[in-house]
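Input: a single structure, listed below in structure tokens.
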There are 2 protein chains.
Amino acid sequence: MVEMAPRSKTARRVPLSRDRVLRAGVALADEVGIESLSMRRLAQRLGVVPMALYKHVANKEELLDGMVDVVVGEVEPPVRDADWKSAVRQRILSARETLLRHRWAYRVIESRSSPTPVVLAYMDSMIGMFRAGGFSVDLTHHVMHALGSRMLGFTRELFDDSPSPGSAPAAMPPEVAERYPHIAEMAMTRDHDRASTVGAGCDDRFEFEFALDLLLDGFDRLHRQGWTSTGH
Amino acid sequence: MVEMAPRSKTARRVPLSRDRVLRAGVALADEVGIESLSMRRLAQRLGVVPMALYKHVANKEELLDGMVDVVVGEVEPPVRDADWKSAVRQRILSARETLLRHRWAYRVIESRSSPTPVVLAYMDSMIGMFRAGGFSVDLTHHVMHALGSRMLGFTRELFDDSPSPGSAPAAMPPEVAERYPHIAEMAMTRDHDRASTVGAGCDDRFEFEFALDLLLDGFDRLHRQGWTSTGH
DNA sequence: CAAGCTAGGCGTACGCCGTACACTCGTCAA
DNA sequence: TTGACGAGTGTACGGCGTACGCCTAGCTTG
């Protein structure tokens, strides 16, 4: 909002800069969602004409790349003096916190076809944590693949769970329950439990940690038994 | 191509139908990529004016939903008379094959905010496979979350690996290797091995199965020891 | 202080996109 | 014969990313 003041002729205007453009992009995406972020709208927010942005970013792609860098830069650095497992775990959960603050970010990260230097550095440091924990290069390689996007704190849940935004959980109509009996069973059981549980529906954080720990424990087991891809 | 023939006045034109529109959409996306699929282009391919499509799909969103349904419909049904683990494994690998034939599909699936009936049915049957294997409703629920998009045959690899399309693997320049030492180490090791390995770089299928089996084995272990979320 | 360079912001314009809305026209039932 | 109906058409609108050229404030340099 403060950006939009139609600056008077006397007041020196704050000059644009790549950094200011990127941060404004992040803020705007946080507010209105990534699908409503357009060069024109961002320019308007900065009190500037659309083409002015192109002096600071080459095009929209580069804007998005830069915005991802800003977000990834917010992830906490690895904790020191911890075993690999808790260090990795902690960092990934920090990444998750960050991505929860910028809910559009995972979509943008997914849509990029090659990583930016900031993301490369993040991955490099993540690899380093496994190597420092004694993992072989080979095992680390597969481990990184297995983590996939989870290493940045998100998983594709296939669909955002939110059944209907705003409305109550809304009991499943009988004809739907009939067509998808197993989903219905699961939904009913979840609703049952909810009386004795805090929060509604699924606990996203619990699910995330459930899968993460399953993987980390698996890595641990392979590592301890000296797994190699050649030695079956 | 055959669609574009400027049909003569005598030849009866093949009427459009929702199914024909969806299949043409899938074919066009296969050919030119999802980002180049526009209503106008699809209409042109079908030898029809853009607005004609709107008699068969409500809007572009619904077109994409329908295209996903066509693709998911190509996944093989579960094999019969197999233990849960190999049945699930086989089905997921079949889904993977399908998604490899339609490389744009996972992006579209990810971008949808709520599942179509076809996808719901797929998920329902997947849940059924775990239930038939003796999994509790509760464990199955977490298991489904842990699988996430992997249940449809894809994982977010963060970035498509292809280092530079077309060109040779291109040795990493020294200044890059210096900045990302762990990535460099991994890349070098991989290149070493390649002489004694079929295929180039990473074996995507191997990586996919590595992570999938790690999860399935984890599920198996939890199941056999009677895991419950309450009983820690 | 004058001359001229430069970089940042401006204005216009182009070709795409999705799609609202009103139309034509062939088919078929009554 | 007529009337309704539904598939395909034509036009138009507002939004998008961005190429290209211009303007001008402020700095460098003699």
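A, B, ... follow the sequence lines: proteins, then strands. Residue 1 opens every chain.
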May I ask you to decide whether B:Glu110 forms a salt bridge with A:Arg107, counting only side-chain N to carboxylate O separations under 4.0 Å?
no

Hey, is A:Arg96 close enough to A:Glu209 for a salt bridge, meaning N to O under 4.0 Å?
no

So if I take every side-chain heavy atom of [X] and compare against [options], which nucleotide ends up nearest?
X       : options               : value
A:Arg40 : C:dC21, C:dG9, C:dA13 : C:dA13
A:Met51 : D:dC20, C:dT19, D:dT9 : D:dC20
B:Val48 : C:dT19, D:dT9, D:dC16 : D:dT9

Measure [atom1]/[X] against [atom2]/[N] and give the value in whole Å, please.
X       : N      : atom1 : atom2 : value
A:Leu53 : D:dT18 : CG    : C1'   : 11 Å
B:Glu35 : D:dC16 : CD    : C1'   : 17 Å
B:Leu46 : D:dA7  : CG    : C1'   : 14 Å
B:Leu63 : C:dC17 : CG    : C1'   : 14 Å
B:Tyr54 : C:dA20 : OH    : P     : 7 Å
B:Arg20 : D:dA7  : CZ    : P     : 14 Å
B:Leu16 : D:dG6  : CG    : C1'   : 13 Å
B:Gln44 : C:dC16 : CD    : P     : 11 Å

Assign each of A:Lys55 and A:Leu37 to its nearest nucleotide of DNA chain D by heavy atoms, then name whichever residue's nucleotide is nearer the 5' end.
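Here A:Leu37 is the residue nearer the 5' end.
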
Using heavy atoms to find the nearest nucleotide of DNA chain D for B:Val49 and A:Ser38 separately, return the residue whose nucleotide is more 5′.
B:Val49

A:His56 side chain near C:dA7 phosphate (N/O to OP1/OP2, under 4.0 Å):
no

Whether A:Tyr106 and A:Phe154 hold their rings parallel, tilted or perpendicular, with breakpoints at 30° and 60°:
tilted

B:Phe219 vs B:Phe130 aromatic rings, parallel, tilted or perpendicular, using cut-offs 30° and 60°?
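Plane angle over 60°, so perpendicular.
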
So what does B:Met39 touch, heavy atoms closer than 4.0 Å: a base, only the sugar-phosphate, or nothing?
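Here B:Met39 touches the backbone only, sparing every base.
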
So what does A:Lys60 hit on the nucleic acid, given a heavy-atom distance under 4.0 Å: a base, only sugar-phosphate, or nothing?
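A:Lys60: backbone/sugar contact only, no base atoms under 4.0 Å.
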
Closest non-hydrogen atom pair between A:Met126 and A:Ile92, with its separation
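Minimum heavy-atom contact is CE-CG1, 4.0 Å.
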
